[in-house]
2 protein chains.
Amino acid sequence: MSAYRALNDGSLPEFLGSLPQVKELLGGEPAGWTVEEVGDGNLNLVFIVRSPKTAVVVKQALPYVRLVGDSWPLPLSRSYYEHMALVEQGKHAPKLVPKVYHFDRNLALIVMEYLSPHIIMRKGLIRGIEYPLFASHIAEFMAQTLFNTSPLATTASDHKRRIWAFADNIELCKITEDLVFTDPYRIAKLNHWTSPDLDEIAAQFRRDEPLKAAVQRRKLQFMTSAEALIHGDLHTGSIMLTPTDTRVIDPEFAFVGPMGFDVGAVIGNLLLAFYAQDGHEARVYARSPYRHWILMQVEQVWRLFSKRFIELWDKSKSGDAYMPELFQEPDGALAFAAEKQRFMRNLFVDTISFAGIKMIRRILGLAHTEDLESIEKPAMRAKCETKALTLARRLVIDAERLTGISDVTSAARAIHASS
Amino acid sequence: MSAYRALNDGSLPEFLGSLPQVKELLGGEPAGWTVEEVGDGNLNLVFIVRSPKTAVVVKQALPYVRLVGDSWPLPLSRSYYEHMALVEQGKHAPKLVPKVYHFDRNLALIVMEYLSPHIIMRKGLIRGIEYPLFASHIAEFMAQTLFNTSPLATTASDHKRRIWAFADNIELCKITEDLVFTDPYRIAKLNHWTSPDLDEIAAQFRRDEPLKAAVQRRKLQFMTSAEALIHGDLHTGSIMLTPTDTRVIDPEFAFVGPMGFDVGAVIGNLLLAFYAQDGHEARVYARSPYRHWILMQVEQVWRLFSKRFIELWDKSKSGDAYMPELFQEPDGALAFAAEKQRFMRNLFVDTISFAGIKMIRRILGLAHTEDLESIEKPAMRAKCETKALTLARRLVIDAERLTGISDVTSAARAIHASS
C-alpha cells in the first residue's frame, strides 16, 4: 500500500520501476528513463516518462484544483472514477481511448499509453488542421459508450449498479453544476470575460430570464437524469488525435448522467472553434474553407452518432428497456423504429441545449478555451465571442424549435456573416 | 447481533421483551402479550402484538415473495430500505406515516406504531366510505416527501447520496419493471385476468404497438429518472386511514425515481375503485354519489398536490436546482413562476401516464386488487375491468394531449356511462 504523495521527476522512475508490467514495457532500468511534466490542464499532474524504447504517460491527481491553487481542494477519488470510466469505455470503444497499464488508488495515479504523434484536438483546430476521420471516430465513441452503458443495452440491475458505482463522484459533478450551469448567470468571483467589450452582454445574460430558466431546467436534468455513463467533460481538449487515430482522454468527470451532455460538449466546442477562426486567419476569408469544414463536422458528428446509436440499438437484444420481444414484425417493428426516432429527437434537443450552455460558460465563466483566449486583440476576440454567445443563447432557447442539425449550422453561418 | 430467522407467535414476545424501549411501551411482561399474524400483503409477515395497555405492529420481511412462495426469492434488504424510507418520509410528513419504534437489520424487522381504528383505504373504498381529509392528507404527503427529497430542495451532493443510498434496492425495482411495465404486454406465466371475458382485450393490448411503445418509454424513465425519493408502491392498499387521520405505509419499493410514479399510483388506484363500484352497489345507481366522490378525490389529489408542491417550492431557498438568487423580482420571479408551471405540467403528464400503466397491470398482470377481485360475478367484473382498461389505455396514449385533471375525470365518467 502506497500512501499519497505527489510524485515528481525524482521519485517517479523509482516508483514505475517497482511495477513489473510497466518496467518491462519501458525496458532497461529507471536510471535510463527521463521524466517530463506536461500537465496543462486544470486539475492534475501529467508526466511523460521516456525510455530508449518507448514512453508512458503518468497522470496523478492533486488534492486541489491546479488552475486555482490549494485554496480549492478536490478529492483524489476522481482518479478512481477516471480509471473506472477508462476501463468501461475501453470495453465498448477499445481503439478510441488510451490503454491503461496501471492504476494506484492511493496515489490517485494512472499509468497509461503515451499517444504520439497525437495532439490535443483544440490545438489542431486553432492551427486549422482537418481531421478526416474525427467525426466518425467521435461518433463511434459516443454511440458505443452511451448506448452500451444505458438500460437500452443492459439490465436494470446493471444500470443501478453503474449509477451506484459513480454516485459518489460528487465534487467533480459539483464543478460542472457551479461553473457550467450557475456562475455564468450571476455575479461570481471566478467569472471573467473580455472586458469591457463583453460587459454589457454579460450583464444581459445575467438578467435574461428565459435563458436562465432554460439553463436551470438543464441543470436539474444534469442532477437527476441517469441515462448512461457519460464522459462528463467531452470538449476538444479531451480529445487527442492524428489524421488517422482519435482518442478520448480525461474522463474524471464521469458519472451516470444525461447522454446529451457529452454530445453537446463536442458540438458546442466545435462551434466555439468555428467562431474563433476569425481571430486566427492570416487575412479575412483565409479560413473560410476551414470554417466550412468545422460546420460539416458539427453535422457529421450528430448524423454519424445518431445513425450508429440506432444501429447498435437495432442489433441489441440485451436491454431491459424496450425489450425487443415486445415489438414483433411487422407492426411492432415499425412502432419500435418510430419510437427510436422519437428518442433520438429528444436526445437532439438535449444535445443542442447543452451545447449552447457549454459555449456560454467558456466565454462568461471561469474556465475559457485556448481557441478564443489565444486571440490576442481584445476587439477581435470580443467580436468572435459575441457571435458565439449569440448562437449559444439561441441554441439553449430554441433547441425544441430546431428541426435538425442543419438548422444549427445554418444559424451558426448566418450569425457569423452578420456584422 | 441477531441472525435471521422468521419470528412467530411463540418467539416474538420474547424478542420484543429484549428491546427496552418496546418493552416499556407495551408495559408488563411478554407473557402477558398476545400476537396475531395479520399479513395479507404479498411479501411479508405482519404481526399485531397487544398488551393490556397498547399494541405495536411488527413487520418482518420473508426471504421470498409470499404471494408466490419460496420459488421466488426476494432479498431481506428491502426491510432496510423500507426503514430508511419511513425515517426520511417521517422527517417531511411526520403525521402521515407510522412511528417507528425499532429496526433490526439482521432480522429484517420493523417495530412500528399500531394504527387503530385505521383500515386499509382500499377496503374503505369497496365499502363506499368517504374520507373527507384523504385528498389533502395524501397531497401533503406526496408534496412534502417528493419536493424535499429532490434537488429542488436539497444540494446536489445530498441528492447524489440519496441516489446512492437506495441504488441497491434492485430486486424490488425489478418487480415493478417486470410486473408493471413488461408482463402485461406479453405472454407471461404469472399473468391472469377474468377469462374468457377479457381474453380478446388482453390479446389486443399485447399487440397494441403505440401503447407498448408509450409504456416502454415510461419503463425507461422509471429506470433512469432520479428525481426524488419515491414510495414506489403508493396504491390504496398502502394507505391506512380514518375519517380524520391518514398514514402511508409499506415503502419497501422506495428508491430515487420519477415523482409521477407515486402520484400516478394514487390516481390510478382511485380510478380502479371508481370502475369497481358498479360491482359493489346494491342496485344500479346506488353508488352514483360515491362514484362522484371518488372522481372529486382524483381531481383534489392532483390539485392539492400541485398547489402544495408549488407552495413548498416558493418558500424554499435551499435547493441546488433553480437557485432563487438567479431569479430576482420582478421579471425573474415571473419567469421562475412560469418555469414552475412548466415543471408541474410535465409532472402531470408523467402522473397520468403512470396512472394508466398502474391500472392495466392490476387487470392483466399478476397482482390484482381487491376492488375488482371481490366482484363475484365474472360478467360484471369483466365489464368494470373493460371500462377501466379503456380509460387506462387512453391515459397512457393521450397523456400529453390532456389539458388538466378534469379531462381525466370527464373521460372516466364518459367511459363509465358507455355501455
Side-chain angles (χ1 to χ4, degrees), chain A residues 150-152 155-157 159-171 173-174 177-178 181-182 185-186 206-210 212-217 219-228 255-256 258 319-323 325-328 331-336 338-339 342-343, chain B residues 150-152 155-157 159-171 173-174 177-178 181-182 185-186 206-210 212-217 219-228 255-256 258 319-323 325-328 331-336 338-339 342-343:
Chain A
S150 83
L152 301 177
T155 64
S157 315
H159 194 62
K160 286 212 162 41
R161 286 190 197 100
R162 191 181 299 122
I163 290 170
W164 179 88
F166 285 89
D168 199 40
N169 199 11
I170 287 176
E171 292 299 324
C173 286
K174 185 168 166 54
E177 287 145 12
D178 290 346
F181 291 103
T182 312
Y185 307 95
R186 63 178 174 185
R206 287 196 304 272
R207 56 176 189 258
D208 188 331
E209 310 302 339
K212 286 186 289 179
V215 172
Q216 293 313 297
R217 199 180 309 143
K219 184 182 179 187
L220 181 64
Q221 183 184 11
F222 184 80
M223 294 189 282
T224 60
S225 178
E227 292 182 341
F255 78 114
V256 179
D320 267 357
Y322 296 100
M323 289 175 175
E325 65 167 293
L326 294 172
F327 300 97
Q328 303 288 328
D331 296 349
L334 278 172
F336 195 9
E339 184 65 18
R342 184 185 167 122
F343 179 95
Chain B
S150 83
L152 301 177
T155 64
S157 313
H159 194 62
K160 285 212 163 44
R161 286 189 197 100
R162 191 180 301 122
I163 291 170
W164 179 87
F166 286 89
D168 200 39
N169 199 9
I170 287 175
E171 292 299 324
C173 286
K174 185 170 166 53
E177 288 145 11
D178 290 346
F181 290 104
T182 311
Y185 307 94
R186 63 178 174 183
R206 288 196 302 274
R207 55 175 188 259
D208 188 330
E209 310 302 339
K212 286 186 290 181
V215 173
Q216 293 312 297
R217 199 181 309 143
K219 183 182 179 186
L220 181 64
Q221 184 185 10
F222 185 81
M223 295 190 282
T224 60
S225 179
E227 291 182 340
F255 78 113
V256 179
D320 267 358
Y322 296 101
M323 290 176 174
E325 65 167 292
L326 294 172
F327 300 98
Q328 303 288 329
D331 296 350
L334 279 174
F336 195 9
E339 183 66 17
R342 183 184 168 125
F343 180 94

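Everything quoted here is computed from the prediction, not taken from an experiment. Throughout, protein chains are lettered first and strands after them, A, B, ... in sequence-line order, and every chain is numbered starting at 1.
Between B:Phe327 and B:Phe336, the angle of the ring planes stays under 30°, which puts this pair in the parallel group of the 30/60° scheme.
Comparing A:Lys212, A:Glu227, A:His159, A:Gln328 by how many heavy-atom pairs each has under 4.5 Å with chain B, the most go to A:Lys212. Contact count versus chain B (heavy atoms, under 4.5 Å) is highest, among A:Gly319, A:Pro151, A:Ala214, A:Ala213, for A:Ala213. Contacts with chain B were tallied for A:Met323, A:Arg206, A:Arg186; A:Arg186 has the most, counting heavy-atom pairs under 4.5 Å. Ranked by heavy-atom pairs under 4.5 Å with chain B, the list A:Pro258, A:Ala156, A:Ala228 is led by A:Ala156. Per-residue heavy-atom pair counts under 4.5 Å with chain B were compared for A:Asn169, A:Leu326, A:Asp178, and the maximum is reached by A:Leu326.
Heavy atoms of A:Arg207 lying under 4.5 Å from chain B are absent altogether. In this structure, chain B has heavy atoms under 4.5 Å from both the backbone and the side chain of A:Tyr185. At a 4.5 Å heavy-atom cutoff, A:Gln221 makes no contact with chain B through either its backbone or its side chain. If you measure heavy-atom distances from B:Ile163 to chain A, the contacts under 4.5 Å come from the side chain alone. With a 4.5 angstrom heavy-atom cutoff, A:Asp320 touches chain B via backbone and side-chain atoms both. Neither the backbone nor the side chain of A:Thr155 comes within contact range of chain B, judged by heavy atoms closer than 4.5 Å. When heavy atoms are compared at a cutoff of 4.5 Å, A:Phe166 does not approach chain B at all.
Applying the ring-ring contact (aromatic ring centres under 6.0 Å, His included) test to B:Phe343 and every residue at least two apart in sequence or in another chain returns B:Phe309, B:Trp313.
Two residues are said to be in side-chain contact when any heavy atoms from C-beta on lie closer than 4.5 Å; A:Glu209 and B:Leu334 fail this criterion.
Sorted by first and then second residue, the pairs that involve residues 160-171 of chain A and meet salt bridge (charged side-chain N to carboxylate O under 4.0 Å, His left out), not counting sequence neighbours, are A:Asp158-A:Arg161, A:Lys160-B:Glu177.
Without hydrogens or angle criteria, B:Gln216 side chain to B:Phe181 main chain gives a donor-acceptor distance under 3.5 Å.
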